[in-house]
Amino acid sequence: MLDLKYIRENAERVKQAVLHKRENADVDALLELDVKRRELIGKVEGARAEQNKVTEKIAQMKKAGEEATSVIAEMRQLAESIKKMETELKTIEEPIYQLLIRIPNIPHDSVPVGGEQDNVVYKTWGQLPEQDFQPLPHYEIAEKLGIIDFGRASRMSGSFFVSYRGLGARMERALINFMIDMHVEKHGYVEVFPPFVAKREAMFGTGQLPKLEEDMYRCELDDLFLIPTAEVPVTNLHREEMLHGDDLPIKYTAYTPCFRREAGAYGKDTRGLMRIHQFNKVEMVKFVTPESSWDELESLLSNAEDVLQALELPYRVLTLATGDLSFAAAKCYDIEVYARGINKWLEVSSCSNYLDFQARRASIRFRRDKGAKPEFVHTLNGSGLALPRTVIAILENYQTDEGTIHVPPALRKYMGVDLIK
RNA sequence: GGAGAGGUGCCAGAGUGGUCGAAUGGGGCGGCCUGCUAAGCCGUUGUAGAUGUAUGUCUACCCAGGGUUCGAAUCCCUGUCUCUCCGCCA
């Protein structure tokens, strides 16, 4: 959420952001209502001031034993008109709020304008594997080795659910531990194990609601949502809190499963692990001071890259163009790992800086020093990493012509084996 | 699931419907005192909005939202969260 005052003073910039992000939010309607609102507030508060004065007088008269009925009768009218104005104010404030929460964050100047095709390659790392045979796509080799079960999972839970088995299941667990350990021991994050469901307010705080209601699984009876990412529960850990400047930056890492309905995504990435309703992910979340957030974004990115480097998987980093940026983000890097079997770059991480957008929605503030003014923190998060596509890359890039899979050296300690056969 | 108790400022904790933004204590901050520390003494201590830039004025906020009233921290209703007990359960 943006500051209404900021929108008022930078209307053109905000309109441009809406356009570039391909959102439809009506900035003009918002500003128009805002003028009306402030007019009305002036009136209401004037009347209130009057009411407060007279009310005080009535108290004094009563104390002195004087007759106050005529004054009270007058005040009854004033009270009524105040009530009327307040009702009017509310009927204006509601649409203002509805418009305001639908205005997206403003992309940073370094973000290319345009759609998906305008994403810019920021860097690449590693050599594309050169083997003299064509490896099988992950879904075939995984099925052959019996480490992932697509059919039974679908029978039980529907399509786009999978069940891991044997060394497949073990690899999930190994990857999770490997990634978390790295972020904790090497990168200095604090491990968190949050709830996997969250309330509406929490979903609003990080910006999933109101826009993405249809994309989430919802427990209707309790009005709870299954989290689509650990970003939600971890960022919301500090919702409505006042942090101390000395505590910043706060860095958390968390493993959670992620649940996504992927409504409207059918027909795209239909095979294997590319796009599934439930997947595992290790996430990094940071709460930082405003002046440090751009540096923190770069270090967040490198923390995520570190995982792929340790696994020796080639990847590239894209700077997302405005149209590809999420609603709440000011800038986002996507990391794409290369998968040799299906010959594709697969998104395994998004590292975003939200500036104070989420913090304002969720009211996460800090005080630099005792007595200093409260300020909103900046929040960032990035996957470190999403597992399914990392698994795809391992199964395809580490495949041998004998139909076995080498375990990446960094993972051997966690897997307990060197080879999947 | 059933029964009960409660949510007040940084913390603890008062508060009869009228001068309560809120007693008192603690903490924090500033000052005095002091060789230093402690004690003691004095002062100070919120957030947000409107107006505006003048050291200003006004408004709102005692979990949230409604209601009663000229006037609500105080009365009523609903929601929510926390705690205790019973039941159930890994």
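In what follows, chains carry the letters A, B, and so on, assigned in the order in which the sequence lines appear, proteins first and then strands, with residues in each chain numbered from 1.
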Fill in: Sugar-phosphate only, base, or nothing, as touched by R8(A) at under 4.0 Å among non-hydrogen atoms
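Since only primed, P, OP1 and OP2 atoms lie under 4.0 Å of R8(A), the category is sugar-phosphate.
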Fill in: Sugar-phosphate, base or nothing in reach of K199(A), heavy atoms under 4.0 Å
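If one applies the 4.0 Å heavy-atom cut-off, K199(A) turns out to touch the sugar-phosphate alone, with no base involved.
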Using atom [atom1] of [X] as one end and atom [atom2] of [N] as the other, report the distance to the nearest whole Å.
X	N	atom1	atom2	result
R38(A)	C58(B)	CZ	P	21 Å
Q60(A)	C70(B)	CD	C1'	15 Å
D3(A)	U47(B)	CG	P	16 Å
E240(A)	G7(B)	CD	C1'	15 Å
R239(A)	C63(B)	CZ	C1'	13 Å
E201(A)	G79(B)	CD	C1'	11 Å
M85(A)	A50(B)	CE	C1'	14 Å
R367(A)	G46(B)	CZ	P	9 Å

[N] to [M] separation - [atom1] atoms, rounded to the nearest Å:
N	M	atom1	answer
A73(B)	A22(B)	P	12 Å
G30(B)	G18(B)	C1'	36 Å
A39(B)	G49(B)	C1'	44 Å
G9(B)	U44(B)	C1'	15 Å
G21(B)	A14(B)	C1'	15 Å

Discussion item. Could you work out, with ring pair (Phe, Tyr, Trp, His ring centres under 6.0 Å) as the rule, every residue matching Y6(A), not counting sequence neighbours?
Written reply: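 By the ring pair (Phe, Tyr, Trp, His ring centres under 6.0 Å) rule, Y6(A) matches no residue at all.
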Worksheet item: How about S302(A) and S299(A): does a side-chain donor come under 3.5 Å of a side-chain acceptor?
Response: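 Result is no, nothing qualifies.
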Worksheet item: Can you find a side-chain donor-acceptor pair between H183(A) and T253(A) that sits under 3.5 Å?
Response: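 There is no such pair (donor and acceptor under 3.5 Å, judged by atom type) between the side chains of H183(A) and T253(A).
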Restricting to nitrogen or oxygen on both sides, can you table the protein-nucleotides 64-66 of chain B pairs closer than 3.5 Å?
unit_1, atom_1, unit_2, atom_2, d
G66(B), OP1, K90(A), NZ, 2.6

Practice prompt. Kindly point out which of C58(B), A48(B), C70(B) is positioned nearest to the side chain of A49(A)?
Written response: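 Among C58(B), A48(B), C70(B), the one nearest the side chain of A49(A) is C58(B).
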Practice prompt. Please report the closest heavy-atom contact between L226(A) and C219(A), naming both atoms and the distance.
Written response: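 Nearest pair, atom of L226(A) first, then C219(A): CD1-SG, 3.7 Å.
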Practice prompt. Quick one: list whatever passes side-chain hydrogen bond (donor to acceptor under 3.5 Å, both in side chains) with Q309(A), sequence neighbours left out.
Written response: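 Testing Q309(A) for side-chain hydrogen bond (donor to acceptor under 3.5 Å, both in side chains), a comparison that skips the adjacent residues, returns Y315(A).
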Fill in: Residues in side-chain hydrogen bond (donor to acceptor under 3.5 Å, both in side chains) contact with H238(A), at least two apart in sequence or another chain
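side-chain hydrogen bond (donor to acceptor under 3.5 Å, both in side chains) list for H238(A), sorted by chain: E241(A), Y252(A).
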Worksheet item: Tell me, which of residues 71-83 of chain A have any heavy atom that sits under 4.0 Å from an atom in RNA chain B?
Response: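 By residue number: I72(A), M75(A), R76(A), A79(A), K83(A).
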Worksheet item: Below 4.0 angstrom from OP1 or OP2 of A60(B), is there any side-chain N or O of N52(A)?
Response: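 For A60(B), OP1 or OP2 has a side-chain N or O of N52(A) closer than 4.0 Å.
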Discussion item. Tell me whether the side-chain N/O atoms of R365(A) come closer than 4.0 Å to OP1 or OP2 in A48(B).
Written reply: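 Yes, because at least one side-chain N or O of R365(A) sits under 4.0 Å from OP1 or OP2 of A48(B).
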Fill in: Base paired to G40(B) (Watson-Crick or G-U; both N/O distances under 3.5 angstrom)
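The base-pairing partner of G40(B), which may sit in any strand shown, is C32(B).
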Fill in: salt bridge (Lys or Arg N to Asp or Glu O under 4.0 Å) partners of residues 146-168 of chain A, not counting sequence neighbours, each pair once
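Output for this query lists D149(A)-R152(A).
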Would you give me the side-chain donor-acceptor pairs under 3.5 Å for residues 101-114 of chain A, sequence neighbours excluded?
unit_1, atom_1, unit_2, atom_2, d
R102(A), NH1, Q98(A), O, 3.1
R102(A), NH1, Q98(A), OE1, 2.7
N105(A), ND2, A328(A), O, 2.9
N105(A), ND2, Y354(A), O, 3.0
H108(A), ND1, S110(A), N, 3.2
H108(A), ND1, S110(A), OG, 2.7
S110(A), OG, K331(A), NZ, 2.8

Discussion item. If you go through the side-chain atoms of E45(A), does one of them form a donor-acceptor pair with the base of G49(B) closer than 3.5 Å?
Written reply: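 Present.
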Discussion item. Judged by each residue's nearest nucleotide on RNA chain B, which is more toward the 5′ side, E50(A) or K62(A)?
Written reply: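 Comparing both residues, the 5'-ward one is K62(A).
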Donor-acceptor pairs under 3.5 angstrom involving side-chain atoms of residues 410-421 of chain A: please list them, not counting sequence neighbours.
unit_1, atom_1, unit_2, atom_2, d
R412(A), NE, V407(A), O, 2.8
R412(A), NH2, V407(A), O, 2.9
Y414(A), OH, D181(A), OD2, 2.7

Pair up each side-chain donor or acceptor in residues 379-394 of chain A with any protein partner under 3.5 Å, not counting sequence neighbours, and list the distances.
unit_1, atom_1, unit_2, atom_2, d
T379(A), OG1, Q358(A), OE1, 2.7
N381(A), ND2, E231(A), OE2, 3.3
S383(A), OG, S350(A), N, 3.1
R389(A), NE, M274(A), O, 3.0
R389(A), NH1, E347(A), O, 3.0
R389(A), NH2, M274(A), O, 2.8
T390(A), OG1, A386(A), O, 2.8

